[in-house]
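One structure below.
In what follows, every chain begins at residue 1, and chains take the letters A, B, ... in the order their sequences are listed.
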Amino acid sequence: MQKEALSKGFIYLLLILGSLLMLLPFIWMISTSLKAANEVMIMPPKWIPTDIQWGNYIKAWFSAPFAMYSVNSVIVLVASTIGELITTILAAYAFSRINFYGRDIIFSILLGTMMVPGEVLLIPNFVTLSNLGWIDHYQALIVPWLASVFSIFLLRQFFLSIPKELSFAAKIDGCSDFRFLWSVMVPLAKPALITIAILKAIGSWNAFMWPLIVTSSENMRTLPVGLIAFSTDTGTKYELLMAASSMIILPMIILYIVLQKYIMEGVARAGIKG
Amino acid sequence: MKIQLRDITMRFDNVTAVDRLNVTIEEGTLVSLLGPSGCGKSTTLFMLAGLYQPTEGELYFGDRLVNKVEPENREIGMVFQNYALYPHLTVLKNIMFPLKMAKVPKKEAEERAREMAALVQIDHLLDRKPSQLSGGQQQRVAIARALVKKPKLLLLDEPLSNLDARLRLEMREEIRRIQQEVGITTIFVTHDQEEAMSISDKVLLMKDGKGQQFSPPQDMYDYPENQFVAQFLGNPPINLLSVKLRNDLQTIVLPDTEDTYQLDSLVKSYVDSNSKLELGVRPEDFYIEFDLAKAGITVEVMMVERIGRDNLLYARLGQTNLRAIVSPDVMVNRGDMVKLAIRPGRTHLFDRSNGKNLLH
């Protein structure tokens, strides 16, 4: 009994330490965002600001055209998430259910591309897009991100776990491949699709390097790129940077909290036995 | 709808799953495809459904050649082993699904779905999801969905194998009732002989992709065409004794003891007296003969086992073990010598080289 309680206590201790470790940067961000400028860099660091500066948030918001950045970020997020879901669904279905020549080889090559680090693709992608004349347009921010091998792989595995009999039954019921995909497979794959969408949304929302490279004018910038505004030749205004950062991550945290029950939700395997 | 299979063959790469199958299924009958796993019975069903295309042969539904007809145009309904209900749809929506695909107006579709649900007695469960149903209820939904389009042929792929024993019995009777009520030609795949025997008008027994015998179940049990059929049916299994036949084509020489036994009738075809034969007798066709003057096989009693209403006698003839179901009031003990006689007309004699039954 005692031994069990002890080992349980130990597990909890580890978990709490782990989650503290994960939370610390967030706490530090919020703490800094509420400090006065002269308190930011002092040693030893202060966790709780002496004088809470709510005004930092207002100041930060108006230091750069964040409203416009937000609109850009939302447009890019929505377009690339919907686009990726569509390509992923179609590709995953083809790779899991349709027999075509060379399917497995193509899939292996596709998986192989996951080994290529994203940075390697920066220059070729940039060159391609500039030849297309897309630099500093929405296309440049969206089109390169319309497909993801990882998502295809994830959804394909999920599709493979759906019994073949279901597609046989649908075929006998007079349901075409395309119809079966949208009216049976997609509703069943909801948890996997939501997971993919959230990963995509977070990735798109936080993307920094690519938007920085392919946008040059102010009115094409996205939120993370907009944070550069706080770093100037005379130094970085950390308290404002952190205030803006806190505002930027808020939508993603809300999105995650709202949708997390779907991510965790077990897959309903009902109606299928055996 | 009358179904004809003519020289139907199905090959996967180098494996022949179904080998020149010839069967004609009359309209309105229930036919079971029976056989050990891997015998090609499910493959045959999938060919009938149009999910597989036969490599060779012709498949007729009525007068129509359907080899190249897509499943949805074959006027069939199918129930799968795992039911394959759409998990995200309610019972009503599941049953309506085939009608929706056929673009039947919603109101009519719902009416027909409700009618079908009433036939399979699940009309009180229409708003549930499949996950909220028991196995037997899911099965009923699957049957309703298969029948809602009023198909001409109903295909059932091991529909009872996921149910527990009691429910299996109940659903077996239900399937028979529904089949007779609707009057639909039905093909039922199973590996359970009892299931096949109890509900079918005719049974097609298969082995290694080949049809072994196609006949009403009782005929198949009483008059097996070959040794495999005789051995596959019956529990406890048929007794087989390696025997020889004298030149008179009627006297059997039993193994080890060299005792003889007279057959009721002459063997139909000529058999060399050297050829190896198997005498087959079902356990329930033996009885103990006390009259010393009458013919019989003298055996040594090894054990008597009372199982429910049966009294199972284990006996030995030389090196061969035999099982006989004897009347419960017979009192015999281990080591006794008893004489087992065979009910008239119940003897089977198989040619060991090709398994053919030489008496029927």
What do you reckon, is CG of B:Asp63 surrounded by more than 12 foreign heavy atoms closer than 6.0 Å?
no
Tell me the closest heavy-atom pair linking B:Lys149 and A:Gly174, and the distance in Å.
NZ-N, 4.4 Å
Do you know which two heavy atoms are closest between A:Ala170 and B:Tyr86, and how far apart they sit?
CA-OH, 3.2 Å
With rounding to the nearest 0.5 Å, note down the distance linking CE in B:Met101 to OG in A:Ser183.
5.0 Å
Could you grab the distance from atom NZ of A:Lys171 to atom CE of B:Met78, nearest 0.5 Å is fine?
12.0 Å
Quick one: pull up NZ in B:Lys100 and CG in A:Asp173 and give me the separation to the nearest 0.5 Å.
11.5 Å
Can you tell me if A:Met209 has over 12 outside heavy atoms packed within less than 6.0 Å of its CE?
no
Among residues 93-107 of chain A, those lying within the under-4.5 Å heavy-atom range of chain B are none
Who in residues 14-23 of chain A is close to chain B, using a strict under-4.5 Å heavy-atom cut-off?
none
Counting neighbours of OH on A:Tyr138 that are heavy atoms of other residues, nucleotides or ligands and sit closer than 6.0 Å, is the number greater than 12?
yes
Shortest non-hydrogen pair, A:Leu188 vs B:Pro87, comes out as CD2-CG, 3.5 Å
Using non-hydrogen atoms and a limit below 4.5 Å, what part of residues 35-56 of chain B faces chain A?
B:Phe46, B:Ala49, B:Leu51
Pairs satisfying side-chain hydrogen bond (donor to acceptor under 3.5 Å, both in side chains), at least one member in residues 73-83 of chain A, at least two apart
none
Hey, is CZ on A:Phe150 packed in by over 12 heavy atoms from elsewhere, all under 6.0 Å?
no
Any idea which heavy atoms bring B:Phe97 and A:Cys175 closest together, and the distance?
CZ-SG, 3.8 Å
Any chance CG of B:Asp127 has more than 12 other-residue heavy atoms, nucleotides or ligands included, within less than 6.0 Å?
no
